[in-house]
2 protein chains.
Amino acid sequence: MSEPVSRPSGRSAAEEALLDAAERLLVEVGYAGITTRKLAEAAGVNHGLVHYYFGSNENLLVRALERFTDGLIARQQALYDSDEPFVEKWRTAMRFLVDDDAAYEKIWLELQALAWNDPSLRTRLAHVTAEWRRVLTDAFREPHRQLEIGMPLEALVTLVITFNLGIIVERLGGIHTGHAELLEWIDGWLSS
Amino acid sequence: MSEPVSRPSGRSAAEEALLDAAERLLVEVGYAGITTRKLAEAAGVNHGLVHYYFGSNENLLVRALERFTDGLIARQQALYDSDEPFVEKWRTAMRFLVDDDAAYEKIWLELQALAWNDPSLRTRLAHVTAEWRRVLTDAFREPHRQLEIGMPLEALVTLVITFNLGIIVERLGGIHTGHAELLEWIDGWLSS
DNA sequence: TCCTCTCTTAGACAGATGACTAAGTCATTT
DNA sequence: AAATGACTTAGTCATCTGTCTAAGAGAGGA
């Protein structure tokens, strides 16, 4: 027999390797280029294991999405939970945003593109975005008051989230025009 | 013989129908779900015509991209070229942005997602974005001065382009939180 | 009328793909 | 040492996919 088991004790190395391979392939070829055999090859395991551990190719991507988004929320929490002053948090976040290594962002947006055509995945991503919004709203409450920003807090958070997302998308398309200028002006404005 | 001909006089109805079908399928199933036979079926033509007119599936998508981006630039030009006051132009643009029918935006972002994994397509899209930036820079030059906006023009244009793009991406993911609040505040601020 | 050229059709073909399975291996338990 | 159960392998199978081709339809000109 070789039926998928009810998640025994510890995850096998192969299972983790396949999820890692999924993330790597999302970066390298995008979700549309991911096949059972490519996954297995990238993970260095037999291609039958995709069925053994995940049942199907699609399910593997769902699991990869869940693992990735769990990590994403934790990472965002950690950034804004620290004791640093707000300006430092902002600078760290913006440094991540324009980092040369866009692997994390590529995975995130490939998963979003996948979800555009899969309503069940959209639910999961909507939850992550809501969590992200919550974290940012908390983080911006104090600076929003202190810096006397005209617009309502919710509008400010929306603006920050969306322009960040837009920068990521442009960068994935190879466009960098104006990004540095915008971020530098914001940085200078925060410092004053 | 059935070799692709050197674009005779007028395009056949089938050729147009295939390009139309490509756009419809981008909206309905995304680029990854587009196959030769689905294209032909959606266009109501024989699947052999994909090879006859475009040589390959991929080439058809490239042609669809070219046709779409041509229209996109024209549409953007037309919006900001009109004689209306700036506020009206802005309102029209924002109405398009949050329109219930996101077909146009879906096509645009599916093509971008396709380009993330295809360097040659990226060049084409980068050109469109550059053109869009040029149009917006012209349109914002006067209001930027009159409204005494603190940040440099280039930073402002970047902010507008990226937060618009971010809103589109969020909407494709089914997220609408805060969009109306942000746009309403901007609208109010412009009116004052 | 016949011929030419464009357009269309149906189908062939190799290769890839997702899903699945029988037969193993191997460590741990009894 | 035997048995158990998790893990792995190599391979099968039906289906789909992209590409290409031979054959024909039909319009317009000679």
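Residue numbers start from 1 in every chain, and the chains themselves are labelled A, B, ... in the order their sequence lines are given, proteins ahead of strands. What you see is a predicted model, and the numbers here were worked out from it, not measured in a lab.
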Exercise for the section: Please identify each residue that fulfils salt bridge (Lys or Arg N to Asp or Glu O under 4.0 Å) with B:Arg124, with sequence neighbours left out. Expected result: B:Asp70
Fill in the blank from the handout: The side chain to side chain contact (heavy atoms under 4.5 Å, CB included) partners of A:His144 (sequence neighbours excluded) come to A:Ile149, A:Leu153, A:Leu156
Completion exercise
B:Leu61 CG to D:dT19 P, in whole Å, measures 11 Å
Completion exercise
For residues 143-159 of chain A, the salt bridge (charged side-chain N to carboxylate O under 4.0 Å, His left out) pairs (sequence neighbours left out) are A:Glu142-A:Arg145
Handout entry: side chain to side chain contact (heavy atoms under 4.5 Å, CB included) against B:Ala130, all qualifying residues, sequence neighbours excluded
Key = none
Problem - Spacing of B:Asn46 atom CG relative to D:dT21 atom C1', expressed in whole Å - result: 12 Å
Distances under 3.5 Å only, N/O to N/O: pair up the protein atoms with those of nucleotides 13-20 of chain C.
{"unit_1": "C:dG18", "atom_1": "OP1", "unit_2": "A:Asn57", "atom_2": "ND2", "d": "2.9"}
{"unit_1": "C:dG18", "atom_1": "OP2", "unit_2": "A:Thr36", "atom_2": "N", "d": "2.7"}
{"unit_1": "C:dG18", "atom_1": "OP2", "unit_2": "A:Thr36", "atom_2": "OG1", "d": "3.0"}
{"unit_1": "C:dG18", "atom_1": "N7", "unit_2": "A:Arg37", "atom_2": "NH1", "d": "2.8"}
{"unit_1": "C:dG18", "atom_1": "O6", "unit_2": "A:Arg37", "atom_2": "NH2", "d": "2.9"}
{"unit_1": "C:dA19", "atom_1": "OP2", "unit_2": "A:Asn57", "atom_2": "N", "d": "2.9"}

Fill in the blank from the handout: Between OH of B:Tyr52 and P of C:dT8 the distance, given in whole Å, is 8 Å
Exercise for the section: Could you state the atom-to-atom distance from CG of B:Leu49 to P of C:dG11 in whole Å? Expected result: 15 Å
Handout entry: NZ or CZ of B:Arg75 within 45° of B:Phe96 ring axis and under 6.0 Å
Key = yes
Problem - Contact under 4.0 Å: B:Tyr53 side-chain N or O vs C:dT8 OP1/OP2 - result: yes
Fill in the blank from the handout: Residue pairs meeting side chain to side chain donor-acceptor pair (under 3.5 Å), one or both in residues 164-176 of chain B, sequence neighbours left out, come to B:Glu170-B:His179
